[in-house]
Amino acid sequence: MSESFPAVECSIETLDRMLYASREIGDLVDTGDYILSTALYYAFGFVSGKYVNFGNKPNYIEETTEIYKKFYITPAKSESVAEYVSKILGVQASKGKAKPLPYLGGHSVSHWNARSHQYAVKNYKAADLPNDQKGKNLPKFGRERVLDQQNLLTAYILPYEGDAATLASRIPRYIRLGKKRSKARIRTRVVEGIIEEGEFLTNHPFGIYDYEDVPLGDLISVKMRPVPLIIQGRYRGKFIRIPRARKREDTVLPYKLEFLKAKR
């Protein structure tokens, strides 16, 4: 027997080049295809961190204690160029001969250099660094792979207490994301989902610590910091089915996801 479950669909459009370190390979800082829940709780304005954070240590658990049982914000997942053109630009793909889509979104790589302009600069060994540099990761040059402008990502807010419309009204139209506080625009709509029970295959990411059931198989995960993601997994139990526009595949997520549940 299915049960109605309204949810909030959040479409995130990047307006600037957005950088965060999903991984670091040599001198390359790589930005992934997902935005974690740890960022969205703060960006959407539901949680406020400390203005000055000594030691740069996040306090996700303490700062979400009052709300983590009330609703859950999923990580944001990148959408295709065709979806961006349709949802943001309002242009539908023609049914006739397919035309090449414009290049929008995606990633770009740039180099940066903060080295001194002196003729010669001493290259210290790690063991011989000056005291003000010891124990700190302060590179002088490198490469950045970032999310470009005109990327579209989708996240969902799953309300367990209160109603979806109220949550949607609290989300600002523009937010800041990433290491350099890049600007993004948010579009929200309330979607009428349903709760079902049985065996299901998830197709939208969620945090590995946000659900305690063990997958039956078909597991795909991605290592990200600070929280790895489950991209796909087969489970048995209650799940949420959220319909998507334009006859696309429904979004399927486990029921009762809770932010960092396994860490509390």
Side-chain angles (χ1 to χ4, degrees), residues 2-13 20 34-50 58-79 152-178 184-197 200 202-213 224 226-233 235 237-245 250-264:
S2 59
E3 177 184 347
S4 175
F5 187 88
V8 182
E9 180 185 87
C10 304
S11 298
I12 304 171
E13 178 191 3
Y20 55 88
Y34 307 95
I35 301 176
L36 296 179
S37 303
T38 50
L40 296 181
Y41 273 91
Y42 293 85
F44 288 172
F46 294 112
V47 180
S48 295
K50 296 179 180 178
N59 300 297
Y60 301 131
I61 294 177
E62 294 82 358
E63 290 168 354
T64 57
T65 298
E66 297 182 1
I67 63 171
Y68 82 98
K69 286 183 175 291
K70 297 179 180 179
F71 59 88
Y72 176 76
I73 303 177
T74 72
K77 173 184 177 182
S78 293
E79 299 287 358
L152 180 65
L153 302 98
T154 301
Y156 294 94
I157 302 179
L158 311 178
Y160 305 128
E161 299 179 17
D163 64 287
T166 301
L167 284 174
S169 66
R170 292 176 58 185
I171 299 174
R173 189 174 181 183
Y174 293 95
I175 62 172
R176 297 282 181 176
L177 288 167
R185 181 175 179 179
I186 310 298
R187 296 171 174 85
T188 61
R189 70 184 185 106
V190 177
V191 186
E192 195 67 32
I194 56 174
I195 299 176
E196 300 180 356
E197 189 167 2
F200 61 95
T202 65
N203 58 8
H204 189 90
F206 58 92
I208 198 170
Y209 305 123
D210 302 342
Y211 191 58
E212 294 182 332
D213 284 8
M224 293 188 69
V227 180
L229 296 181
I230 293 177
I231 305 302
Q232 173 186 288
Y235 297 86
K238 284 189 174 183
F239 64 95
I240 303 168
R241 184 184 299 278
I242 302 174
R244 304 198 69 190
D250 293 346
T251 296
V252 177
L253 285 162
Y255 177 69
K256 210 60 177 177
L257 290 164
E258 293 180 356
F259 183 58
L260 298 178
K261 182 178 182 179
K263 293 290 186 180
R264 298 181 187 271

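Computed from a predicted structure; not experimentally measured. Note that the numbering runs from 1 along the sequence shown for the chain. Both backbone and side-chain heavy atoms feed into the values below; hydrogens, waters and symmetry mates do not.
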### Message
Determine whether Asp210 and Ile230 satisfy the following criterion, side chain to side chain contact (heavy atoms under 4.5 Å, CB included), listing intermediate values before the conclusion.
### Response
CA-CA 10 Å; Asp210 302 342; Ile230 293 177; over 6 Å; no
Would you call [X] and [Y] a side-chain contact if the rule is heavy atoms closer than 4.5 Å?
{"X": "Leu40", "Y": "Leu177", "result": "yes"}
{"X": "Val191", "Y": "Arg244", "result": "no"}
{"X": "Val190", "Y": "Asp163", "result": "no"}
{"X": "Val47", "Y": "Tyr60", "result": "no"}
{"X": "Pro254", "Y": "Asp213", "result": "no"}
{"X": "Thr251", "Y": "Glu9", "result": "no"}
{"X": "Arg264", "Y": "Thr64", "result": "yes"}
{"X": "Cys10", "Y": "Ile157", "result": "yes"}

### Query
Run the side chain to side chain contact (heavy atoms under 4.5 Å, CB included) check on Val8 and Phe44 step by step: do they pass?
CA-CA 13 Å; Val8 182; Phe44 288 172; over 6 Å; no
Give, for atom [atom1] of [X] and atom [atom2] of [Y], the distance between the pair rounded to the nearest 0.5 Å.
{"X": "Leu257", "Y": "Ile73", "atom1": "CG", "atom2": "CD1", "value": "12.5 Å"}
{"X": "Leu260", "Y": "Glu258", "atom1": "CG", "atom2": "CD", "value": "11.0 Å"}
{"X": "Leu152", "Y": "Ile12", "atom1": "CG", "atom2": "CD1", "value": "8.5 Å"}
{"X": "Thr188", "Y": "Arg170", "atom1": "OG1", "atom2": "CZ", "value": "13.0 Å"}
{"X": "Ile240", "Y": "Ile195", "atom1": "CD1", "atom2": "CD1", "value": "5.5 Å"}
{"X": "Ile208", "Y": "Lys263", "atom1": "CD1", "atom2": "NZ", "value": "9.5 Å"}

Of all the heavy-atom pairs spanning [X] and [Y], show the shortest one and how long it is.
{"X": "Tyr72", "Y": "Pro75", "answer": "OH-CD, 3.9 Å"}
{"X": "Leu229", "Y": "Pro205", "answer": "CD1-CB, 4.2 Å"}
{"X": "Leu167", "Y": "Pro159", "answer": "CD1-CB, 3.6 Å"}

### Task
Given salt bridge (charged side-chain N to carboxylate O under 4.0 Å, His left out), test Glu3 with Lys238 step by step and report yes or no.
CA-CA 11 Å; Glu3 177 184 347; Lys238 284 189 174 183; 5.1 Å; no
### Task
Decide side chain to side chain contact (heavy atoms under 4.5 Å, CB included) for Tyr209 and Lys261; before the verdict, give the C-alpha distance in whole Å, the side-chain angles of both, and the deciding distance to 0.1 Å.
CA-CA 6 Å; Tyr209 305 123; Lys261 182 178 182 179; over 6 Å; no
### Query
Where the side chain of Asn203 meets the backbone of Asp250, is there a donor-acceptor pair that is under 3.5 Å apart?
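Looks like yes, one N/O pair under 3.5 Å.
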### Task
Would you check, one step at a time, whether the test side-chain hydrogen bond (donor to acceptor under 3.5 Å, both in side chains) holds for Tyr42 with Glu63?
CA-CA 10 Å; Tyr42 293 85; Glu63 290 168 354; 2.4 Å; yes
### Task
Can you establish whether the number of heavy atoms outside Glu66 located under 6.0 Å from its atom CD is more than 12?
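No.
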### Task
Please say whether the positively charged group of Lys69, taken as NZ for Lys or CZ for Arg, lies over the ring of Tyr160, i.e. under 6.0 angstrom from the six-membered ring centre and within 45 degrees of the axis.
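No, a cation-pi geometry is absent between Lys69 and Tyr160.
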### Query
Can you name the ring-ring contact (aromatic ring centres under 6.0 Å, His included) partners of Phe206, sequence neighbours left out?
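Once residues adjacent in sequence are excluded, Phe206 has no partner under the ring-ring contact (aromatic ring centres under 6.0 Å, His included) criterion.
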### Message
Going by the rule side-chain hydrogen bond (donor to acceptor under 3.5 Å, both in side chains), which residues pair with Thr74 if we only count those two or more places apart in sequence or in a different chain?
### Response
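Once residues adjacent in sequence are excluded, the partners of Thr74 under the side-chain hydrogen bond (donor to acceptor under 3.5 Å, both in side chains) criterion are His204.
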### Query
With Tyr41, which of Phe46, Tyr68, Phe259 fulfils ring-ring contact (aromatic ring centres under 6.0 Å, His included)?
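For Tyr41, the ring-ring contact (aromatic ring centres under 6.0 Å, His included) check succeeds only for Phe259.
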### Message
Using the rule given for side chain to side chain contact (heavy atoms under 4.5 Å, CB included), can you reason through Ile35 versus Tyr20, listing the C-alpha separation, both sets of side-chain angles and the distance that settles it, and then say yes or no?
### Response
CA-CA 9 Å; Ile35 301 176; Tyr20 55 88; 4.2 Å; yes
